[in-house]
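Position 1 is the first residue of the sequence; numbering continues from there.
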Amino acid sequence: MLKNPATKYSPFPPVRIADRQWPARTITTAPIWMSTDLRDGNQALFEPMNAERKMRMFKTLCEIGFKEIEVAFPSASQTDFDFVRKLIEGRHIPDDVTIEVLAPAREQFIRRTFESLRGARRAIVHIYNATSKPFREIVFGMSKDEVVTMAVSAVTLVKQLAQENPDTEWVLEYSPENFTATELDFALEVCNAVSEAWGATPDNKIILNLPTTVEMATPNVYADQIEWMHRHLAHRDSCIISLHPHNDRGTAVAAAELGLMAGADRVEGCLFGNGERTGNVDLVTLALNLYTQGVAPNLDFSDINAIARHFEHCTQMPIHPRHPYVGDLVFTAFSGSHQDAIKKGFSAQEVGAQWNLPYLPIDPADLGRSYDSVIRINSQSGKGGIAYLLETEYGVVMPRRLQVEFSAEVQRFTDQHGGEMEAADIWTLFSKTYLETGDPVRYVKHHLFEDGATQGIRLTLQMNGETHVLTGEGNGPIDAAVHALRKLGITLQVRSYEERSMGSSREGGDAKACAFMEVTQVGSERECYGVGMDANIVTASIQALMSGVNRLSATGKNVKAA
């Protein structure tokens, strides 16, 4: 049993605002967004991103529509320094995107930071120092005056170095770290001092980032703190108030929304809430919350599945199946009463009318999600543990989304035939669905070759009784095979790929490898899985691709076949 909390913890003191305005406001426009996935989100990983994954994440963020991206802490590591140089020297930064870098308020780190940014078109230099009483007294042993001097000296140096490098457009961001635990009058004093030192004007604004470095109170307290600063800053028209909520109490999204109502202009966070401890504010959830209220978020999440797969690849972290908007199960109803309500809602929903469906606060199609899995069975709904039986009896460990897809096949089968399905029945249906797809494309053989760093394939297929020998090149066998298929008019995207080793299965003979491939037709919102099994993993992968092609064709998902 928990101890009496009153003996150990004290409630957070309220902010005294007699006429607070934020409770009566609504959010009508999107904030300035700043992604910190490549800095705060990256440093929180078990294994920080390598160069390939960092670049892939950067390009994904640009494609989504982020105009400000914090890319590194260049004074902290050579890896981060080199990545900033690669972005600049390789001309990877779009003209409408500004990179941001973080540096503590210390001279050697600031100078190193400016070295990393040499040649940038536009850059935000983000300076911070801790301002709260515990950090002043316990961690650093500094007085208030010393904290202010430290911040002002750092900003003065930034201003000097900016003037020495006039070819770059410089923007200053300052964070009083531990803002929410800092006395408001002192946080105001520091922010006014750095704004004055920078020479902030309406045409040369300073970004004042006010973070919940550790979430310590309810979201309304944060909103009060933001509104108090908004109303008391000396030169509010020369400042951009930025929010950087963490999720220690699980209320970062709420804190950000209330902070915007309280007068903030900008939000920093990570896709899907990655970050230190419990993470930064989840920008996907925050943006799509605006979208469901009729506010354009100015970020493109129309292919949320692709974004999720990029994120999982770059971070090596899974997205929870119940994650708002993007989780594999968030648009799925297992309950019979929910299924009935959703069916009736689809029947009543008129084309072009405002969205109004029970249990679905957003149209899945807006996010590139299909309706295929909205209503389906689960392993506890009387049909047995499908995934469990395939794994224990046949050695097939299905990816989670394949479990979702195949359970719908089992549901259709039982609806037609009735009764219960044994393990052998499930295996037979799995084989017919994924391994014995047959027409229109039949795999015959393949041969791999290399041309320098490029992987090539010579692929022999039968289509509608005719033999075709196709060649393709790519960054690996699968990519090469996808390019080869284009010569038959089959244009595919591989959304995800997994391979699993198998022991000798009861029906699988000497099959040792199983490949699972989630594919979609270019221009389509629908996906389906293909599966291949063979002693050779490359052969299994090609078979999985052919399985996906045939299943897209068989389910009427518009695969072009010349």
Side-chain angles (χ1 to χ4, degrees), residues 30-40 54-55 58-59 61-75 80-107 109-128 151-175 191 193-210 233 235-244 264-268 298-299:
I32 301 167
W33 301 106
M34 203 286 288
S35 162
T36 187
D37 288 88
L38 286 166
R39 198 273 300 172
D40 209 353
K54 284 176 75 77
M55 186 59 72
F58 178 77
K59 291 183 177 180
L61 294 169
C62 292
E63 290 168 1
I64 291 170
F66 285 97
K67 304 305 180 186
E68 296 181 0
I69 302 172
E70 191 171 48
V71 296
F73 195 148
S75 63
D80 271 19
F81 185 96
D82 292 343
F83 182 65
V84 178
R85 296 309 309 152
K86 183 176 182 179
L87 288 175
I88 297 170
E89 294 171 359
R91 300 184 182 277
H92 296 292
I93 307 168
D95 290 341
D96 61 346
V97 171
T98 300
I99 61 171
E100 174 175 321
V101 294
L102 184 71
R106 296 185 181 277
E107 180 176 355
F109 297 120
I110 293 172
R111 290 188 180 277
R112 178 69 169 165
T113 297
F114 267 81
E115 289 176 17
S116 75
L117 292 168
R118 187 179 63 257
R121 180 193 62 81
R122 188 173 190 267
I124 300 171
V125 178
H126 182 182
I127 302 298
Y128 72 94
V152 169
S153 297
V155 169
T156 302
L157 177 59
V158 170
K159 184 174 183 179
Q160 173 194 326
L161 295 175
Q163 292 171 344
E164 293 173 3
N165 294 272
D167 292 338
T168 297
E169 180 184 348
W170 300 101
V171 179
L172 174 67
E173 176 173 346
Y174 172 73
S175 288
C191 287
V194 297
S195 298
E196 189 71 26
W198 178 247
T201 66
D203 295 326
N204 181 34
K205 293 184 178 182
I206 184 173
I207 301 170
L208 295 176
N209 187 51
L210 307 177
L233 283 166
H235 303 288
R236 179 64 181 92
D237 61 348
S238 302
C239 306
I240 295 171
I241 294 181
S242 180
L243 309 175
H244 186 110
D265 311 292
R266 181 177 184 264
V267 177
E268 300 187 353
N298 301 328
L299 296 175

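For Arg39 and Glu268, the salt-bridge test fails: no basic side-chain N is under 4.0 Å from an acidic carboxylate O. We find that Lys54 and Asp80 are joined by a salt bridge, their nearest charged nitrogen and carboxylate oxygen being less than 4.0 Å apart.
Annotation: the span from Leu61 atom CG to Glu70 atom CD amounts to 12.0 Å, rounded to 0.5 Å. Taking OG1 of Thr36 as the reference point, atom CG of Leu38 lies at 8.0 Å (rounded to 0.5 Å). In this structure, the separation between CD on Glu68 and CZ on Arg266 is 4.5 Å, given to the nearest 0.5 Å.
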Residues 157-164, side-chain donor-acceptor partners within the protein, below 3.5 Å, at least two apart:
residue : atom : partner : partner atom : Å
Gln160  : NE2  : Glu164  : OE2          : 3.0

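The number of heavy-atom neighbours closer than 6.0 Å to CG of Asp95, taken from other residues, nucleotides and ligands shown, is 12 or below. Under a cut-off of 6.0 angstrom, the local environment of CZ in Arg236 is crowded, with over 12 non-hydrogen atoms contributed by other residues, nucleotides or ligands. In the displayed structure, His92 atom NE2 is contacted under 6.0 Å by more than 12 heavy atoms of other residues, nucleotides or ligands.
A donor-acceptor pair is defined here as one N or O able to donate and one able to accept, closer than 3.5 Å; such a pair exists between the side chain of Thr168 and the backbone of Ala120.
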### Task
Apply side-chain contact (heavy atoms from CB on, under 4.5 Å) to the pair Met55 and Leu87, showing each step before the final yes or no.
CA-CA 8 Å; Met55 186 59 72; Leu87 288 175; 3.9 Å; yes
### Query
Can you list the steps and then say if Ser195 with Cys239 is a side-chain contact (heavy atoms from CB on, under 4.5 Å)?
CA-CA 8 Å; Ser195 298; Cys239 306; 4.1 Å; yes
### Message
I'd like to know whether Thr98 forms a side-chain contact (heavy atoms from CB on, under 4.5 Å) with Arg121, so could you lay out the CA-CA distance, the side-chain angles of the two residues, the decisive distance to 0.1 Å, and finally the verdict.
### Response
CA-CA 8 Å; Thr98 300; Arg121 180 193 62 81; 4.1 Å; yes
### Task
Show your reasoning for whether side-chain contact (heavy atoms from CB on, under 4.5 Å) applies to Met34 and Asn209.
CA-CA 11 Å; Met34 203 286 288; Asn209 187 51; over 6 Å; no
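Ring-plane geometry between Phe114 and Trp170 is classed as tilted, the angle between the planes lying from 30 to 60 degrees on a 0 to 90 degree scale.
For Lys86, the salt bridge (charged side-chain N to carboxylate O under 4.0 Å, His left out) criterion is met by no residue, not counting sequence neighbours.
Contact between Val194 and Tyr174 at its shortest, heavy atoms only, is CG2-CD2, 3.7 Å.
Side-chain atoms of Thr201 and Asp203 include no donor-acceptor pair closer than 3.5 Å.
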